[in-house]
Amino acid sequence: LFVTTLITRIQAQNYDERKVPRYTLPEPLTTSSDMEVKNIKTWEKVRRPEILQLFEDNIYGQMPEYYDKISYEITSEDKTAMNGKAHLKQVLIRITQKDKVVKINLTLFIPQNSTKPKPVFLLINNRGKENTDPERKVKSEFWPAEMLVDNGYAAAAFHVSDLAPDHKDNYTNGVLQLYPEQLKMDNGMKAIGAWAWGASRVMDYFEQDKDIDAKRVAVAGHSRGGKASLWAAAQDQRFAICISNCSGNTGAALSRRQFGERIARINTSFPHWFNNNYKKFNDKEDSLPVDQHMLIALVAPRPVYATNASKDLWADPTGTYLSLKNAEKVYALYHRKSALPPSPPNINEPVYRSILAYHNREGEHNMTSYDWGNFIKFADYHYKKGR
Ligand code: GTR
């Protein structure tokens with residue numbers, strides 16, 4: 001019976017472009033009081049805070065920023081890591097609130113090619129911990145730290161389980177211990193919010209590490225991690241660049257297309273990711289006051305790179321592309337014009353010389369050295385190699 005139910009559910013997801021319903025996206029540049037946003041000032045003072053609040057209230061939950069204490073301890077370091085190319089720091093970030101503590105274990109490889117502060121890619125690791133093991137016994141494409149270092153970037157990573165274990169039965173064992181009141185609120189933080197919160201605490205650390213250029217921090221994540229990287233960059237404007245790899249539903253893809261994974265499905269499979277209010281939109285995508293193009297717009301004018309994989313229709317490549325395209329008008333307020341063509345580029349034709357960047361890699365749902373290679377070119381382009 002279980003198997004039959006599961007198959008019926010999976011089949012209920014649409015993969016046919018002709019069956020995408022007609023929809024109207026909410027307008028990023030019209031305020032709740034029907035005022036048209038024509039300049040940066042109205043965007044930043046009125047509409048941006050409104051949209052941020054809508055995402056907090058209806059999807060990702062609140063982002064509490066208070067705590068009694070934060071401390072940083074280098075628990076281990078090695079100046080001869082990666083055959084002498086990198087300085088490895090293992091950093092324990094401890095955040096205390098009342099008698100509760102959250103500990104983030106940050107792995108950080110800093111290139112040794114000069115003494116200048118280095119730009120960094122921070123990965124929110126949602127997969128196996130071995131991918132980001134400081135000893136590099138496993139060198140997976142999911143985190144090609146050597147490649148980042150060879151290109152002059154520091155490589156940093158933490159694991160989501162330090163903030164909120166990725167399971168409905170124990171996701172509260174982390175950040176939510178500091179903020180138990182969040183659990184009582186329908187717009188309270190849950191796991192994705194906790195992971196994004198963790199990225200901001202790592203940002204706090206970067207701001208006081210002299211080897212790191214805290215003005216050049218790219219926050220990156222894959223899939224559920226890419227939903228968190230977008231939410232982190234939307235919330236915390238200190239992140240200079242956002243990378244959202246194959247993030248799909250409630251990440252970079254438009255919900256209203258109802259293509260591949262849908263809200264009802266994600267809320268059923270992962271009830272611990274988004275707030276309680278989000279469950280009201282199960283099978284009611286059209287009644288959401290936002291769609292995901294507005295999440296990307298919250299990152300403006302900072303660069304965003306979203307990706308897909310050709311065999312990963314679950315994450316709706318077309319819907320991801322349309323999300324970027326529909327965020328363009330907010331970037332235009334800042335006179336930042338994207339180089340994205342009107343319709344999606346071919347598979348394996350990355351568009352990275354652009355404020356809003358995109359590629360659809362041939363293959364499966366994953367993050368690979370192909371993806372990272374393009375993220376590096378994207379960062380090089382925006383930082384103008386000036387490092
Ligand atoms: C899937 C989920 C997606 C995506 C993915 C992942 O099961 O439906 O939304 O987050 O997991 O994280 O790899």
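FYI, side chains are in, hydrogens and waters are out, and symmetry mates aren't considered; it's all heavy atoms of this structure. All ligand and atom numbering here is 1-based and tracks the order in the structure. Predicted model, so just to flag it, every value in this text is computed and none were measured.
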For ligand 1, what N or O to protein N or O distances fall under 3.5 Å?
unit_1	atom_1	unit_2	atom_2	d
ligand 1	8 (O)	Glu261	OE1	3.1
ligand 1	8 (O)	Glu261	OE2	2.5
ligand 1	8 (O)	Trp314	NE1	3.0
ligand 1	9 (O)	Lys227	NZ	2.8
ligand 1	9 (O)	Glu261	OE1	2.6
ligand 1	9 (O)	Glu261	OE2	3.4
ligand 1	10 (O)	Ser223	OG	3.1
ligand 1	10 (O)	Arg224	N	3.3
ligand 1	11 (O)	Arg224	NH2	2.9
ligand 1	12 (O)	Ser223	OG	2.8
ligand 1	12 (O)	Arg224	N	3.1
ligand 1	12 (O)	Arg224	NE	2.5
ligand 1	12 (O)	Arg224	NH2	3.2
ligand 1	13 (O)	Ser223	OG	2.8
ligand 1	13 (O)	His365	NE2	2.9

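In this structure, Phe121 has its ring center no closer than 6.0 Å to that of Phe375. Ring centers of Tyr381 and Tyr352: at least 6.0 Å apart, outside the cut-off.
Within 6.0 Å of CD on Glu65 lie more than 12 heavy atoms contributed by other residues, nucleotides or ligands.
Side-chain N/O atoms of Asn187 and Asn275 include no donor and acceptor closer than 3.5 Å. In the model, Lys190 has a side-chain atom that pairs as donor or acceptor with a side-chain atom of Asn276 under 3.5 Å.
Taking Tyr370 as the reference, His359 meet the ring pair (Phe, Tyr, Trp, His ring centres under 6.0 Å) condition, with sequence neighbours excluded.
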